[in-house]
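Notes follow once the structure below has been shown.
Order of appearance sets the numbers: ligands from 1, and atoms from 1 within every ligand. Residues take their numbers from the sequence shown, with the count starting at 1.
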Amino acid sequence: MSRALGPRASATAAASVPWTVLACCWSAVGLAMLGWAGARVAAWFSGGTTARSWWMFFKDVLAGRTTQAWPHTPTPLVAVCVAAVYLLAVGSGVAAWVIIQRRRPVPGDPVAALGDNPAITALTRSPVAQRATRLRPCLTGTNPRIEDIGLSLGRLMRQAGTGPEVFASWEDTLVACMAPRSGKTTVLAIPFVLSAPGAVIATSNKADLWAATATIRADQGSQVWLFDPQRITHQPQKWWWNPLAGLHTVEEADRLAGHFVLTVADDKKRDLWGPAAQDLLAALFLAAATSGGSLHDVGQWLAEPAVPTPIELLTKAGFAAMAVSLRGAQNGAVETRDGIYQTARTAARCLTDPDITAWVTPPRDRRLPSFSPDEFAASQDTLYLLSKSRSAAAPLIAALSDTAMRAAERRAERMGGRLDPPLAAVLDEAANICRIADLPDLYSHLGSRGITPVTILQSYEQGIGVWGEHGMAALWGAATIKIIGAGVDSPRLTRDLATLVGQHDVPVRSVSYSDGRASEQVSLRRQDILEPAAIRALPPGTALLLATGIKPALIRLTPWYAGPRSAEITECRDHAERAIRQAATAAARQWLEAS
Ligand SMILES: Nc1ncnc2c1ncn2[C@@H]1O[C@H](COP(=O)(O)OP(=O)(O)OP(=O)(O)O)[C@@H](O)[C@H]1O
Ligand SMILES: [Mg+2]
């Protein structure tokens, strides 16, 4: 019969009679030497003497000849000093044992297995700083600040504490998956927004990201643009944006329409009528844009499927084929036409909400400035885009983020290939509020333009829900840095990650009983470094880091409230939250007075 004992040798199996005798002998020697050392300390204090060697001392003590063991030295002082030396020795021994235990590789320990990763040094400060100097000519000849070199991801996990800090460089593209309340905003979004050296696009479905960072960004000299059509922060509207400005081609119109159609929640309807609804919206956007119209016109044309105005405008603007296509949609079978128009109306339902359209149509107050994506791309401004999850305003968030990123791309091309300083697009809750239709394609080249996108999702499946199986796989594949945090519940993803993390050999001891005698063997078992269950159970504050060309690593994430700027951020957040409360109370009072 044989029974597995686990990877560690059992204490009883390791112990044997000769070793026990040897240990007892050496313990007696050690005790005697320490006692002699204690007595010598006492003699030094009192001006007395002790036996000349520890051996003589030991013999005198055993024979009860204390006056020979420590002549002219008070016995109580000797007792105190010896006790103190023993205590010191025991304390040091325990401390040493704890340190050794912590550093001792435990067979099968994933932290130890993943710690053996020399290539990960490419993500540490010095190599990333060198890379930043190459990518950003403005840093040449300077000693770059930590914010200039890249985005800090956390610290490598080691058996005893943590290792060096690791960074994403300015040519990386990031995807992060973490469950709700596991730190997406506190460990990723807030630190990234605050440390970005250039312009920032930050999306969120709550006020937390804006509250924690806006004032600090403003104090750093960055102009803050807050797009909050649903009054999540209760702040007044200070600007507007015309999505139709600069929209001159079918491709641009189609792209804008794509953001709207992607937010249709009904998957069946989206698959069946989506492409036709996208064509319809693209035609209406182009008709409005080329005739100096606004999104109000698009809303009206959507409500009246038979109106010929957009067809006439498209023909006049030289888009004959599109005009014919629109006429076809209007004159088709009634069920088909209604299906297309209804889907387009659902996709563009924000156009029926005056609170939302106020942000994207010419305002009554002509002094309200309009947002220019091109000027933003050339600035170090911060654009906050807030909307509740799956709300009607979500297509506008996606459209504005996309427009700003493409303006940055154009500027990068004009600058010779890369933006300097780089633009960080921190898309918190991307699947809920920032469904940029071709984000997977953008990922393949944004990094080379000095635009660093960070797509933060609650799960891999959430991404599939937006970009489809292939789209999400493309996004995942194109991301050079993937961060998988706590609460990944997808069995498929955890299994795939366990495969990617790899396997190692773990020694397994087993004991066999035969003829009344026990014998112990050690064998090697090949097993996953991180089992799917262990990946699922990653505790909050830790994450698996997958970087292109480098073995996976475990990192410890640093939330802003445990970082060096916590006091400053707390003050900024408290101030912003007070402002939200005051504005909300004033709005409620106004509403009560009006009703
Ligand atoms: N100042 C703070 N001090 C201590 N803990 C905090 C602080 N702020 C947030 N937390 C905690 O940090 C955890 C992560 O919060 P965070 O808002 O980052 O999660 P999230 O993943 O963004 O959540 P959601 O999906 O709701 O957006 C929460 O448990 C929260 O209570
Ligand atoms: Mg959050």
Subject >> 4.5 Å side-chain heavy-atom contact, Lys388 and Asn205 >> reply: no

**OP:** Among Asp438, Thr173, Thr455, find the one that has a side-chain hydrogen bond (donor to acceptor under 3.5 Å, both in side chains) with Tyr443.
**Re:** Thr455

Original post:
Should we count CZ of Arg406 as having more than 12 external heavy atoms under 6.0 Å?
Top reply: yes

Which N or O atoms of ligand 1 sit under 3.5 Å from a protein N or O, and how far apart is each pair?
| unit_1 | atom_1 | unit_2 | atom_2 | d |
| --- | --- | --- | --- | --- |
| ligand 1 | 17 (O) | Arg181 | NH1 | 3.1 |
| ligand 1 | 18 (O) | Thr185 | N | 3.3 |
| ligand 1 | 18 (O) | Thr186 | N | 2.8 |
| ligand 1 | 18 (O) | Thr186 | OG1 | 2.7 |
| ligand 1 | 19 (O) | Gly183 | N | 3.2 |
| ligand 1 | 21 (O) | Arg181 | N | 3.3 |
| ligand 1 | 21 (O) | Ser182 | N | 3.1 |
| ligand 1 | 21 (O) | Gly183 | N | 3.1 |
| ligand 1 | 21 (O) | Lys184 | N | 2.9 |
| ligand 1 | 21 (O) | Lys184 | NZ | 2.9 |
| ligand 1 | 22 (O) | Thr185 | N | 3.0 |
| ligand 1 | 22 (O) | Thr185 | OG1 | 2.8 |
| ligand 1 | 23 (O) | Arg181 | N | 3.0 |
| ligand 1 | 23 (O) | Arg181 | NH1 | 3.1 |
| ligand 1 | 25 (O) | Arg181 | N | 3.4 |
| ligand 1 | 25 (O) | Lys184 | NZ | 2.8 |
| ligand 1 | 26 (O) | Arg181 | NH1 | 3.0 |
| ligand 1 | 26 (O) | Lys206 | NZ | 2.9 |
| ligand 1 | 27 (O) | Lys206 | NZ | 2.6 |
| ligand 1 | 27 (O) | Glu429 | OE2 | 3.4 |

Original post:
Short check: any N/O/S atom of Thr185 below 2.8 Å from the Mg ion (ligand 2)?
Top reply: yes

Identify each donor-acceptor pair in which a side-chain atom of residues 551-558 lies under 3.5 Å from a protein atom, sequence neighbours left out, and give them as a table.
| unit_1 | atom_1 | unit_2 | atom_2 | d |
| --- | --- | --- | --- | --- |
| Lys551 | NZ | Asp116 | O | 2.9 |

Subject >> Heavy-atom neighbours of Glu571 CD exceed 12 at 6.0 Å >> reply: no

Original post:
Sub-3.5 Å donor-acceptor pair from the side chain of Asp420 to the main-chain atoms of Cys138, do we have one?
Top reply: yes

